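All remarks here apply to the structure that follows.
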Amino acid sequence: MNEPNIDPKLLKPYDPKETEDRIYKLWEESGFFNPDVCIEKGITDKDAETFSMVLPPPNVTGTLHIGHASMLTIEDIMVRFARMQGKRTLWLPGTDHAAIATQSKVEKILEKEEGKRKTDLGREEFLKRVNKFAQESHDTIINQSKKMGASLDWSREAFTLDDKRNFAVRTAFKKMYDDGLIYRGHRIVNWDPKGQTVISDDEIVYEERKAKFYTFKYGKDFPISISTTRLETKVGDVAVAVNPTDERYKEFVGKTYIIEDFCGVKLEIKVVADNAVEKEFGTGALGVTPAHSQIDAEIAIRHNLPTKQVINEFAKMTVEDERILNKKTTEVRTIIAEWLKNEGLLEKEEEVDQNVSTAERTGGIIEPLPKLQWFINVNKPIKDRNDKTLKELMLDAVRSKGINIIPDRFEKIYFNWIENLRDWCISRQIWYGHRIPVWYKGEEIYCGIEAPKEEGWIQDEDTLDTWFSSGLWTFSTLGWPDLNAPDFKTYHPTSMLETAHDIIFFWVARMILMSTYILGVVPFKTVYLQGVVRDAQGRKMSKSLGNAMDPLEVSGKYGTDAVRMSLIIGTGPGNDTKMSEDKIRAYKNYANKLWNITRFILSSTEKIKFDENFSNYSEKDIELKKERYELIVEITKEMEEHKFYLVGDKIYQYTWSRFADIILEESKEIFNNGTKEEIISRKQFLLETLNILLKVLHPFMPFVTEEIWSLVPEDNKKLLMVEKWPQ
RNA sequence: GCGCGAUUAGCUCAGUUGGUAGAGCAACUCAUUUACACUGAGAAGGUCGGGGGUUCAAGUCCCUCAUCGCGCACCA
């Protein structure tokens with residue numbers, strides 16, 4: 001068969017490798033990722049409804065993984081759909097400095113490659129290294145995002161630690177400080193001995209381990225036995241607390257006992273009654289260590305007990321006994337256990353399951369320590385916000401449906417988190433990050449957006465929790481604190497926030513906090529939460545398991561469109577995605593199927609172009625048009641409901657099982673034996689259907705559809721990415 | 001301990017307000033140069049996790065149990 005009228009490219013199978021970079025370049029050069037350009041060129045109406053969304057900024061800690069690919073795909077589908085609907089569409093890219101994560105990564109590299117510590121370099125030199133690493137990661141990430149086909153407006157790219165965002169951070173900090181929401185307090189915090197910094201409650205991950213649960217007495221003459229897994233802290237005990245209703249111990253309450261020698265340490269133990277103690281747990285008596293336990297510290301405050309610190313920042317003991325001093329806590333635990341055994345004080349030693357608190361980023365075992373740190377008060381009424389607290393503002397935003405969370409079961413998880421929320425510790429003892437905008441001079445303290453002009457002020461050494469700057473992201477990227485910035489006025493609140501459900505507290509909640517407090521509005525109207533990408537067996541993908549799938553590698557092998565489709569289909573919101581190469585291969589075949597459908601249609605319609613005004617359709621084709629119309633109505637509704645997993649599958653079904661297998665086959669018969677009218681009608685129908693399929697598929701498979709679009713003869717054709725969504 | 005989710009064909013998942021179970025992938029049989037082998041046609045595959053209940057009718061609603069996953073709390 002000779003096909004003189006079609007592009008020779010179509011005679012070979014579809015080649016994503018040859019196509020994708022070229023198409024992405026075409027999109028970039030068109031400027032259509034930028035909504036201003038779309039307006040300028042008459043693609044979008046200036047007064048059109050807006051659709052705005054920030055890209056959850058990837059951490060500059062390396063490269064993108066398949067989870068990022070999934071995020072980019074879902075968001076790109078939303079954005080391309082909105083753009084094709086004629087909305088004024090902004091998808092804003094950026095990267096996150098990810099303070100602790102990035103710093104500890106660079107520390108590791110420094111240690112491995114040069115055998116140096118950050119202190120060997122000093123703050124300034126070390127930060128230079130971090131910035132260099134961050135820049136390299138950034139470049140990789142941007143490249144990878146482009147490979148995935150993401151239609152991000154690169155002209156508006158932001159970084160959580162650039163000058164503009166730093167200004168926003170200082171402005172927000174100052175406002176919170178002036179409103180009394182940010183305060184400095186001395187209290188028990190989560191100290192990470194490995195990362196040498198404080199972390200917030202949310203940065204703790206619990207690991208289940210076996211532990212020994214010891215029951216013992218401080219001394220032969222002490223009347224009450226207590227139980228603990230942390231024997232080493234007992235040298236810091238100042239009291240024993242019992243439940244006020246516990247008859248067993250009533251007679252001892254109020255008495256103080258001196259233990260002259262508890263493994264070389266003198267203890268003064270007062271017996272107190274406190275409701276926090278459960279009668280049924282252990283012996284029903286609790287050894288109170290105010291310096292190294294949150295609950296104990298609270299009990300100590302209630303009973304006016306002293307605090308005695310016995311562990312330092314390196315998780316080493318500080319008490320004056322040569323058996324203990326400067327040793328690791330875990331070592332001392334066994335030393336004390338031995339001592340108790342020898343003294344005949346140890347009554348029981350049981351094996352129990354225990355949740356050990358570890359630092360999310362470094363894996364260090366958390367050591368509760370009393371420290372002076374900066375906090376955000378979540379329970380203080382705020383004058384400008386009707387005396388509501390930050391907690392209440394966060395609750396109201398979702399309760400009032402100002403923010404809609406998809407799937408809605410995450411609302412409960414969100415509420416539950418807020419109910420248990422304590423003040424947010426925002427200071428970190430690391431170098432990489434936003435420096436706290438507070439200066440000291442003797443007893444004086446100054447908080448300001450800029451440093452004080454006079455001599456002698458010294459800035460706080462600490463930096464801010466990375467999530468402080470991320471919390472401002474929806475508006476710090478749009479020109480805030482300038483309330484008249486055009487982007488801020490046009491695009492905030494944003495329409496959608498799509499992200500992985502594991503950062504709902506870290507990020508989603510903090511954005512709601514910052515936006516409702518600072519601006520009095522929600523940061524976004526809808527939150528779409530996605531699950532985790534897993535392997536074919538449902539295991540989490542990880543480097544150590546060796547089952548990690550590199551998005552770029554599979555894209556190179558099967559084409560980006562195929563990877564995108566397999567990340568979407570079969571995965572509802574909030575659910576985990578299971579990925580396998582089989583699945584990707586299937587959608588690679590589908591891209592090629594579309595290619596061949598095009599070849600057939602173009603070669604059998606020759607030079608005919610689709611005519612919008614054609615009306616002489618055969619009865620059979622009118623029916624087919626109706627069927628297709630109903631499909632489009634259905635999927636358009638589902639697109640608006642964010643049910644991309646259904647839409648993708650339905651288009652796939654229609655194109656392959658219905659359009660290719662049935663309609664194209666029956667067209668051959670018509671072309672051979674039909675009347676002139678039937679033939680021309682069918683040709684128009686096929687061209688029109690191809691046109692429509694390319695449009696509805698475009699958000700899912702942007703590359704192959706754009707490429708085919710360029711091969712279909714039509715007058716005054718725009719890029720497919722800015723064509724109108726069909727009806 | 002409290003709460004959430006899942007459990008449907010070998011695998012991954014759909015299944016709208018209750019009306020006799022669907023798709024993709026894999027496997028199976030056939031076709032062999034067709035727009036397309038990155039193909040087509042066909043057949044096979046399920047007491048919808050177990051038990052109980054409501055109903056004329058339950059994959060769907062209610063109760064209960066089990067297994068898996070997740071969140072929170074506890075973790076003296």
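Quantities reported herein were computed from a predicted structural model and do not represent experimental measurements. Residue numbering restarts at 1 for every chain, and letters A, B, ... go by the order of the sequence lines.
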Rounded to whole angstrom, note down the [atom1] distance from [N] over to [M].
N	M	atom1	answer
B:rG40	B:rG52	C1'	49 Å
B:rA35	B:rA26	P	24 Å
B:rA57	B:rA44	C1'	30 Å
B:rG50	B:rU12	C1'	24 Å
B:rA66	B:rA9	P	23 Å
B:rC56	B:rU20	C1'	14 Å

Students often get this wrong, so: under 4.0 angstrom with heavy atoms, is [X] touching a base, only sugar-phosphate, or nothing?
X	answer
A:Thr229	sugar-phosphate
A:Ile597	base
A:Ile226	nothing
A:Phe213	sugar-phosphate
A:Val277	base
A:Asp582	sugar-phosphate
A:Leu646	sugar-phosphate
A:Glu419	nothing
A:Asp353	nothing
A:Ala660	base

Out of [options], whichever nucleotide has its closest atom nearest the side chain of [X]:
X	options	value
A:Lys668	B:rG71, B:rA35, B:rA73	B:rA35
A:Lys593	B:rU12, B:rC4, B:rC36	B:rC36
A:Asp661	B:rG40, B:rU12, B:rC75	B:rG40
A:Arg409	B:rA41, B:rG5, B:rU39	B:rG5
A:Ile295	B:rC75, B:rC38, B:rC72	B:rC75
A:Asn420	B:rA73, B:rU39, B:rC75	B:rA73
A:Tyr587	B:rG24, B:rA35, B:rC38	B:rG24
A:Tyr652	B:rA35, B:rC75, B:rG24	B:rG24
A:Asn416	B:rC72, B:rU39, B:rA14	B:rC72
A:Phe600	B:rA35, B:rA41, B:rC38	B:rA35

Can you check whether [X] has a side-chain N or O nearer than 4.0 Å to OP1 or OP2 of [N]?
X	N	result
A:Lys578	B:rC11	no
A:Arg599	B:rC36	yes
A:Lys412	B:rG71	no
A:Trp656	B:rG40	yes

Using 30° and 60° as the class limits, which term best fits the ring planes of [X] and [Y]: parallel, tilted or perpendicular?
X	Y	value
A:Trp595	A:Tyr14	tilted
A:Tyr528	A:His642	perpendicular
A:Tyr652	A:Trp656	tilted

Next on the checklist: Need the pair for B:rC25. Rule: Watson-Crick or G-U wobble, both distances under 3.5 Å, any strand; none if unpaired.
Outcome noted: B:rG10

Next on the checklist: Both distances below 3.5 Å, Watson-Crick or wobble geometry, any strand: find the nucleotide opposite B:rA73.
Outcome noted: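 Per the H-bond distance test, none.
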
